[in-house]
There are 2 protein chains.
Amino acid sequence: MTDLAVDDDGRTLHQQVLSGLRRRILLGQIEPGQALTIRGLAAELGVSAMPVREALRQLVAERALELMDNRRVRIPPMTIERFEDLIAARIVLEAEAAARAMPYVTDAVIARLEAEDAVINEAEAARDYDRWIWANYAFHSVLYGAAGHSVFLPLIESLWLQIGPFLRRAIRTLSGHYTVDRHGEALAALRRRDTMALRIAIEADIRDGIAHIGSTLIRSEALGRQLEDSMA
Amino acid sequence: MTDLAVDDDGRTLHQQVLSGLRRRILLGQIEPGQALTIRGLAAELGVSAMPVREALRQLVAERALELMDNRRVRIPPMTIERFEDLIAARIVLEAEAAARAMPYVTDAVIARLEAEDAVINEAEAARDYDRWIWANYAFHSVLYGAAGHSVFLPLIESLWLQIGPFLRRAIRTLSGHYTVDRHGEALAALRRRDTMALRIAIEADIRDGIAHIGSTLIRSEALGRQLEDSMA
DNA sequence: CATGCTCCCATGTGATCACAAATTCGCGAC
DNA sequence: GTCGCGAATTTGTGATCACATGGGAGCATG
């Protein structure tokens, strides 16, 4: 179906499969209940089972997927409690990562952030959700990765992967609302080298974007619980 | 060598290999420069290459190991900057995890924590470093895992795995010093249901235990850099 | 004695196969 | 029509094999 390019760069097949799956998860293109079988994915991607096995294993390690007792893998069902934990973890980690990145934020970094912010605005105007989500990740990645030696980024990416599958469902609701320009506030704080303001802007950005998802989750709590049970 | 029990419980071979390797890393029993080859470990553990491959892949995903350009895996070299990031991440994550666990801390949980604390003290008296380290992990795991739905624990374990290999080297230095009883403070805070005091005790515990390692790292900075270069 | 080259072995990657467990589907009984 | 029950298929796990690459030892040459 979404066949991998016949022959990519020097990356191993397993890495190509992994980044492909990771992208699909981050963009919420994989249905939470959907069956994820090794042979199925292998056939779909036109590779043997081996690279898919390793990719799935890695995604399980990153908590993007869950290994059930059946030894099958699935996207972990979301609960209110888990969702709140994910948000809390995102806030403390991303605020700290942003603050620690501050000394490494050069004008070049700010320029890249502005570029990503522009893409976000374009995508929002064009109702291009995939592009919007992806640019959002890019914006945060560039900021947290500015320091180079990345301890925080992998942890944060794990959290994104866990939230991703439930993002798309709520994103349509979100895009209708007027959203405060938190990225603008963050950029202003960066230009002023104001670490405290940056922390506040990042936290507000996470809470804003997530509040709608949370309310969506709550509204569909009955449905969610039913889905979760049906998969248990 | 350290042969796996001929036949364990219902766990898959790959899981047994994984937890074995994880334990060795957490206890600092794997030399940072040591060669970690699939076939070598497979022969050592008496299994085929397959379970080892998957275990290594998973440890790479958890950042306990690093995939080099040679496609070989090694324990990532430590630098001062990375070490400081690891400590900072531990503090924000573990303090938040502890605070969020507070509502779930029953008397039974406190009893288990007291039991682990007793083990820690025994091990310290007996100069049993492995047991000391392991009980320390257990103490924190019990606390953070009290809430059940664990988002924080996997993230924290990833940080432990990254620090583990460099722990043993410094632990002898540490055990000589008089260490303030931070776990006692944490337990007292738990009994009083004092969340703020708990956060402070946890942060102090991390800083205490780590300060010695940090200074050891700095004292051996020249050696460390040389090691790092030789492995680069 | 240092340096470069060649050959060989070790290693990671990917494919395929064997097997056991689990799921599913279909048939039959009530 | 519904509920069990058994066979067939699907699926994950582990082993083995083929292949290409990279590292290292050994030798020859300067």
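Chain naming here is simple, since letters A, B, ... match the order of the sequence lines and numbering starts at 1 in each.
Taking atom CG of A/Leu36 as the reference point, atom C1' of D/dT10 lies 15 Å away to the nearest angstrom. Here the P atom of nucleotide D/dT11 and the CE atom of A/Met68 are 14 Å apart, to the nearest Å. B/Asp69 has its CG atom 15 Å from the P atom of C/dG12, to the nearest Å. Rounded to whole angstrom, the span from the NE2 atom of B/His14 across to the C1' atom of D/dT13 amounts to 11 Å. Atoms CG (A/Leu13) and C1' (D/dT21) sit 16 Å apart, rounded to a whole Å. At whole-Å resolution of the value, CZ in A/Arg11 and P in C/dG14 are 11 Å apart. One atom, CD of A/Glu44, and another, P of D/dT11, lie 13 Å apart when rounded to the nearest Å.
With sequence neighbours left out, A/Ser150 forms a side chain to side chain contact (heavy atoms under 4.5 Å, CB included) with A/Leu153, A/Pro154. For B/Phe152, there are no ring pair (Phe, Tyr, Trp, His ring centres under 6.0 Å) partners, not counting sequence neighbours. Take A/Ala99 and apply the side chain to side chain contact (heavy atoms under 4.5 Å, CB included) test, not counting sequence neighbours, and it matches A/Thr195, A/Arg199.
For the pair A/Glu44 and A/Arg24, the salt-bridge criterion is met [side-chain N within less than 4.0 Å of a carboxylate O]. Between B/Arg22 and B/Glu62 there is a salt bridge, with a side-chain nitrogen of the basic residue lying less than 4.0 Å from a carboxylate oxygen of the acidic one. Of the charged side-chain nitrogens involved, none lies within less than 4.0 Å of a carboxylate oxygen, so that B/Arg112 and B/Glu116 do not count as a salt-bridged pair.
Of all the residues in residues 48-59 of chain B, B/Ser48, B/Met50, B/Pro51 reach under 4.0 Å from DNA chain D with at least one non-hydrogen atom.
Within the 4.5 Å cutoff, the side chain of A/Glu54 has no heavy atoms near those of the B/Glu54 side chain. Using a 4.5 Å cut-off on side-chain heavy atoms (C-beta onward), A/Trp160 and A/Arg90 make contact.
A donor-acceptor pair under 3.5 Å is formed between the side chain of B/Gln15 and the backbone N or O of B/Thr12.
B/Arg127 forms no cation-pi arrangement with B/Trp132, by the criterion of a distance under 6.0 Å to the ring centre and an angle within 45° of the ring axis.
In the helix from C/dC1-D/dG30 to C/dC30-D/dG1, the end axes, each obtained as the rotation axis mapping the C1' atoms of four pairs onto the next four within a five-pair block, lie 10° apart to the nearest 10 degrees.
A donor and an acceptor atom, one from each side chain of A/Arg82 and A/Gln162, are located under 3.5 Å apart.
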All N/O contacts under 3.5 Å from nucleotides 19-24 of chain C to the protein, with atom names and distances to one decimal?
none

